[in-house]
Amino acid sequence: MDGGAMTDSPHILSDRPTEDADDPAADGFHDFWADAVADEIEARDPTDPIVIKGGVSPSGVAHLGNVNEIMRGHFVAEVLRERGHEVRQVFTSDDKDPLRKLPRKLADADGEIVGLGDVDAGALGRNLGKPYTAIPDPFGERESYAAHFAALLRADADRLDVPIEMVSNTALYADGAFDEAIHTVLSDLDGVRDTLGAYQNKVDDEYVPFNPVCAECGTITETVTAVDPAAGTVEYACTDLEVGDDVIEGCGHEGTATFREGKLPWRLEWPAQWDVLDIDFEPFGKDHAEGSWPSGVDLARTVFDTEPPVPMVYEWFTLGGETLSSSAGNVVTVPELLEILEVEVVRYFFALHPKRGRDLDIQRIDQLVDRFDRFERAYFGEVDNAELTRFAERAYPFVVGPSLDRPADADPADRIRLPYTFAAVLGMVEDPALREQLARDEGHIGDDAPEWAVREALGRVERARTWAERTDNEYNYRLQTTLPDVDLDDDVAAALDDLADVVAAGTDGEAIQAAMYDTARDHDVEVSDFFEAGYRLFFDQPQGPRLGEFLGDLEREYVVSRLRREA
RNA sequence: GGGCCGGUAGCUCAGUUAGGGAGAGCGACGGACUCUUAACCCGUCGGUCGCGUGUUCAAAUCGCGCCCGGCCCGCCA
């Protein structure tokens with residue numbers, strides 16, 4: 001390592017800023033981390049378009065962890081665009097990698113997670129060791145497994161309003177984009193071995209960093225017997241491929257491959273991508289921070305004669321306190337999340353500081369929404385907290401994104417957010433008009449609320465409803481449209497009849513609530529038993545929301561006949 | 001074992017880059033609403049800022065040592 005090593009740490013959001021009086025971009029504190037990253041990029045004085053990269057190897061499921069690669073880069077891209085730069089955000093699908101083992105779970109085209117039993121698993125098993133782009137789509141829809149997976153990521157980016165350019169690694173090889181890089185590597189084998197050997201023990205005097213695809217069986221091979229950089233070819237033997245404890249058998253074929261008929265190993269492929277795609281910035285997970293990043297930096301400079309991009313390490317997050325694991329089923333996809341959260345809430349989650357380990361807890365997703373709502377209120381100057389307000393003023397415009405469907409003359413400050421758990425309560429009734437009425441009665445929607453704001457506010461109800469159902473939590477009650485099957489004591493039944501009379505006479509929710517207590521006492525019924533009877537009649541459950549006021553908002557005929565057990 | 005990154009209230013987190021008030025929401029508890037029944041309102045409780053130590057008039061924040069967790073240091077990505 002030379003003197004530049006100090007600045008090669010990928011932890012640019014943790015390190016103390018380097019003192020550099022000549023650097024006009026290093027202008028100190030930022031409330032939004034993406035600004036600090038953008039400073040680093042601008043300090044390199046890059047030429048437009050600035051290119052931001054993310055990348056992922058096709059696995060079975062595009063889960064929310066992969067979204068880090070998309071969203072972290074996106075916020076930086078947007079900040080740079082605001083500063084007047086042209087920015088491209090590319091996303092490489094590292095799809096020339098071989099399928100090394102069968103995934104336990106797959107996501108279908110809609111993002112729904114399915115097991116291997118639901119697809120043609122045998123087709124996958126027969127293709128172990130082959131590039132993802134050479135394996136049929138298990139769902140039979142796209143041209144390959146890789147294409148299927150890339151389409152999932154593309155769809156997720158679209159759903160999150162992030163414009164990305166998908167780049168197939170296989171296509172880059174096929175088009176010859178890597179030809180020069182491979183030529184460079186194979187022309188200086190000693191140099192590459194020296195550099196890479198400092199990071200990887202497997203690199204010895206025999207090591208050739210190029211993996212041809214066997215012309216006979218199509219698997220990726222690791223045994224190169226001769227190289228001819230000038231001719232642009234290598235000689236190889238299709239030997240066994242060790243994958244963890246397993247072995248993918250080679251066919252024994254010996255042949256010649258061009259640079260377009262193979263791939264670089266990851267440690268070299270990554271810096272080669274930086275060079276070929278002219279990457280200025282790349283966020284990556286902490287697993288890369290101490291492994292491939294330092295070696296990539298070194299290889300970029302010593303082998304490819306290029307400067308590595310500005311890095312940024314993000315912490316992984318957990319789901320319900322556990323690490324994400326598609327095989328263990330502990331994953332959540334973007335489509336799933338968007339069934340319970342507005343897009344802006346998901347984007348907000350990724351606008352939070354990348355260096356913080358975070359837990360996404362579906363059971364208590366209302367907490368995340370509450371925090372978003374507060375963040376939004378801070379943007380509109382409604383929260384007495386200077387720090388939060390500074391962060392919100394900077395980050396909120398990037399978080400809400402372009403997706404809001406509002407009239408041109410809408411004042412964003414007029415937006416309405418129903419508290420998420422209240423929205424879940426409204427989700428107990430199905431009728432949209434009744435939902436709105438309840439929200440108005442509770443004062444969440446004012447008389448002068450614009451139509452678009454009401455529509456947006458009520459959009460949360462269905463999401464909260466889905467959440468309640470999916471987690472089967474204390475909001476998962478459903479107003480019963482038909483009379484549930486309930487056994488009632490005679491005195492409870494008599495009390496219900498009395499209560500029905502009170503409601504029939506016309507009274508408001510508060511009075512109904514009061515009448516419930518009075519009626520119960522009149523009939524010598526335990527108050528709790530009486531409430532339970534009410535909950536069973538209306539929700540087919542022993543508990544529920546504050547009942548009297550809830551009933552007061554429902555249609556009177558319906559309430560009366562239900563209390564009388566008539567319908 | 002070595003390196004890197006984290007550790008702030010029961011939970012989720014802000015604050016750490018530039019040293020000066022320890023904070024928010026939720027939960028819990030209590031109250032209010034003629035009313036033990038979950039939405040809304042008011043209030044209270046709740047933290048040795050992982051531990052120790054040093055520097056400083058002053059440390060969650062800076063230095064050093066340690067503890068705990070994650071990642072990397074094999075392969076692969």
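The aromatic rings of A:F75 and A:F32 sit perpendicular to each other, their planes meeting at more than 60°, with 30° as the lower class boundary. Ring planes of A:H444 and A:F422: tilted class, angle from 30 to 60°.
Between A:F372 and A:F349, the ring centre distance reaches or exceeds 6.0 Å. Two rings, from A:Y535 and A:Y477, have their centers 6.0 Å or more apart. If you look at A:W293 and A:W274, their ring centroids are closer than 6.0 Å. Here the two rings, on A:F391 and A:F375, have centers that are under 6.0 Å apart.
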- Task: Give the B/S/- string for nucleotides 6-11 of chain B, one per nucleotide from 5' to 3', where a protein heavy atom under 4.0 Å of the base yields B, of only the sugar-phosphate yields S, and otherwise -.
- Result: SSB--B
- Message: Counting primed atoms plus P, OP1 and OP2 as sugar-phosphate and everything else as base, spell out the protein contacts along nucleotides 71-77 of chain B at 4.0 Å heavy-atom distance: B, S or - for each nucleotide, 5' to 3'.
- Response: SSSSSSB
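A:F391 comes within 4.0 angstrom of nothing in the nucleic acid, heavy atoms only. At the heavy-atom level, A:D373 lies nowhere under 4.0 Å from the strands shown.
One finds the CD atom of A:Q541 at 10.0 Å from the CE atom of A:M428 (value rounded to the nearest 0.5 Å).
In this structure, the CG atom of A:L547 is 14 Å from the C1' atom of B:rU36, given to the nearest Å. The nearest whole Å value for the distance from the CE atom in A:M516 to the C1' atom in B:rU34 is 15 Å. One can place CZ of A:F317 at 15 Å from C1' of B:rU12, the figure rounded to the nearest angstrom.
Between A:D370 and A:F530, the one whose closest nucleotide on RNA chain B sits nearer the 5' end is A:D370.
Taking every side-chain heavy atom of A:R358 into account, B:rC13 is the closest of B:rA39, B:rC13, B:rC26.
Pair check for B:rG52 finds B:rC64; Watson-Crick or G-U wobble, both atom distances under 3.5 Å. Shown here, B:rA32 forms no base pair; nothing in the strands shown gives a Watson-Crick or G-U wobble contact with both key distances under 3.5 Å.
Side chain of A:D240 to backbone of A:G250: a donor-acceptor contact under 3.5 angstrom is found.
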